[in-house]
Structure formats: C-alpha cells, structure tokens
Amino acid sequence: MTQNLFEEEPLPYVAPELMAPGAVLLRGFAGAVDAALLEAVAQVIAAAPLRHLVTPGGYTMTVAMSNCGALGWTSSRSGYRYTSTDPLSGQPWPPMPGCFADLALRAAAEAGFNDFRPDACLINRYEPGARLSLHQDRDESDLSAPIVSVSLGLPAVFLFGGTRRTDRPTRYQLVHGDVAVWGGPSRLAYHGVAPLAEGEHPRLGRQRINLTFRCAA
DNA sequence: AAGTATCC
DNA sequence: TAAT
C-alpha cells in the first residue's frame, strides 16, 4: 500500500532522520498538536495579515508571509531586516503563541539542541506554484541557535543543500506535521522549496503553511 | 538578499 | 552571474 499524502490523520512521529550533520527531519512530530497550531496561525494572521514581500531586486515573492514573536523578518527594496513592529500596521508583531514556543522547544531538543527559545517565527503561506529559491537564513545575530521549520497542509519538496551555493541540494518530501531542524554545522545550509504542486488538503485546502522559528536577536 | 533573465 |  502506497503512502497517502492526504490522510485526514497526520502520520505518527517515529524517529529522527539525519539530513546532514546538525540537520534532522522529524517526520510527523507536530501531528499531535496540529489543531492547536492551526488555530493559533488563524489568530496571528488575523492581526498581522499575510502579504507578498518585495525582494531588494524588485521582485514580488510568490510566498505570502507574516510573523509573530518579538521580532519579524521582512524584505523590501531596501533589504532584509528583522523589526519589532509590523510595517503594515506599525504595531508590534502578534505575540508568539504558547503552542508555537512549546513545539519549537521540544523539536529542537529532539534534534539535539537544548533550551531553544526563539524570539521570531516567520509564517509562510504557499499556494500552488509558490516557491522559495535556494537561500541561507543569515539575518539572525544568534547563529548558535538552530532553525526549526514546521510543515502544515499540502506536501512540498524541500531542497536542502550545503553551506556553499554550489552544493547540490537533496530533495525531501515534507507533509503535514513534519518538522525540520538544522543548526551547528548546518546552520547556514542553503535551502529552498520547489514550486508547490496542485492539491487539496483536508484541513487547509489549497495551501501549505510553514512556521520557521529563529533566535534573531 | 529568499527572483529572474540570460548565457553557457 | 548580474546587482541590490
């Protein structure tokens, strides 16, 4: 029997899978708390709407983004930056929901990174066709802390490469409930997401939501 | 610079 | 690789 990527129930978490030194895939790790996460996502994006940011090169990103936590990542013609307020509203980003902080802490520990207390959570919404080309997360001042990335909704192909742009990335299918963690020697690994395939998720419909936790300050 | 065109 |  082949794996059904559109199961109503998330697949159970089993064991960590190594992608690279310091980089771990926790398949199904967030499945047990997915309902709480989705409710919290809805509250955050009601206060800080998803929006398509513009890159310094002047192109509009296909992924729609928002943030919660003390700091939020944004891009504009003038560069990438972390800010304590939402440029759209002038108000502080919504606080980090307790279920977000708790999941991020537990996932990091499972991957071998103890005491992970992120101050920033970037929320990415992919609709079919949306992608994120290969890049590094390097705008954070604390590179000793890992990145924790939670997948919800439609499946995606995650591209995970090395610390040089020319390193050929490995492709991983990420489904609802999967959590990827990378830090230490993989903290500056290039990564991205292939164009999202069409599909319909029982809970989220035609979209994928990704939560990315960082220590930015 | 997390996107794209263009070249090889 | 541009060019920001």
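Order of the sequence lines fixes the chain letters, A, B, ..., with proteins taken first and strands second; residue numbering starts at 1 for each chain.
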Participant: Which is true for Gly79(A) with a 4.0 Å heavy-atom rule: it touches a base, it touches only sugar-phosphate, or it touches nothing?
Facilitator: base
Participant: Rounded to the Å, how far apart are Arg165(A) CZ and dA1(B) P?
Facilitator: 7 Å
Participant: Find the distance Arg81(A):CZ to dA1(B):P and express it as a whole number of Å.
Facilitator: 15 Å
Participant: Can you tell me whether the side chain of Asp139(A) and the base of dA2(B) have a donor-acceptor pair closer than 3.5 Å?
Facilitator: yes
Participant: Whom does dT1(C) pair with, Watson-Crick or G-U wobble, provided both distances fall under 3.5 Å?
Facilitator: dA5(B)
Participant: Please give, in whole Å, the distance from dG3(B) P to Tyr59(A) OH?
Facilitator: 11 Å
Participant: Once you round it to whole Å, what is the distance between C1' of dA1(B) and CG of Leu132(A)?
Facilitator: 11 Å
Participant: Looking at His176(A) and Leu154(A), would you say the former's side chain and the latter's main chain have a donor-acceptor pair under 3.5 Å?
Facilitator: no
Participant: List the steps and the verdict of side-chain hydrogen bond (donor to acceptor under 3.5 Å, both in side chains) for Arg164(A) and Tyr190(A).
Facilitator: CA-CA 7 Å; Arg164(A) 293 168 305 192; Tyr190(A) 279 88; over 6 Å; no
Participant: Could you tell me whether the side chain of Arg203(A) and the main chain of Ala35(A) form a donor-acceptor pair under 3.5 Å?
Facilitator: no
Participant: Remember a base hit wins even if backbone is also touched, and classify Ser75(A) as base, sugar-phosphate or nothing at under 4.0 Å, heavy atoms.
Facilitator: nothing
Participant: Could you tell me the separation between the CG atom of Leu53(A) and the P atom of dA2(B), rounded to a whole number of Å?
Facilitator: 14 Å
Participant: To the nearest Å, give me how far apart CG (Asn67(A)) and C1' (dA2(B)) are.
Facilitator: 13 Å
Participant: Look at the side chain of Pro56(A) and decide which nucleotide, out of dT4(C), dT4(B), dA2(B), has an atom nearest to it.
Facilitator: dT4(C)
Participant: Measure OH/Tyr82(A) against P/dA1(B) and give the value in whole Å, please.
Facilitator: 17 Å
Participant: Looking at Asp142(A) and Arg117(A), is any side-chain nitrogen of the basic one under 4.0 Å from a carboxylate oxygen of the acidic one?
Facilitator: no
Participant: Measure the distance from CG on Leu134(A) to P on dG3(B) and round it to the nearest whole Å.
Facilitator: 10 Å
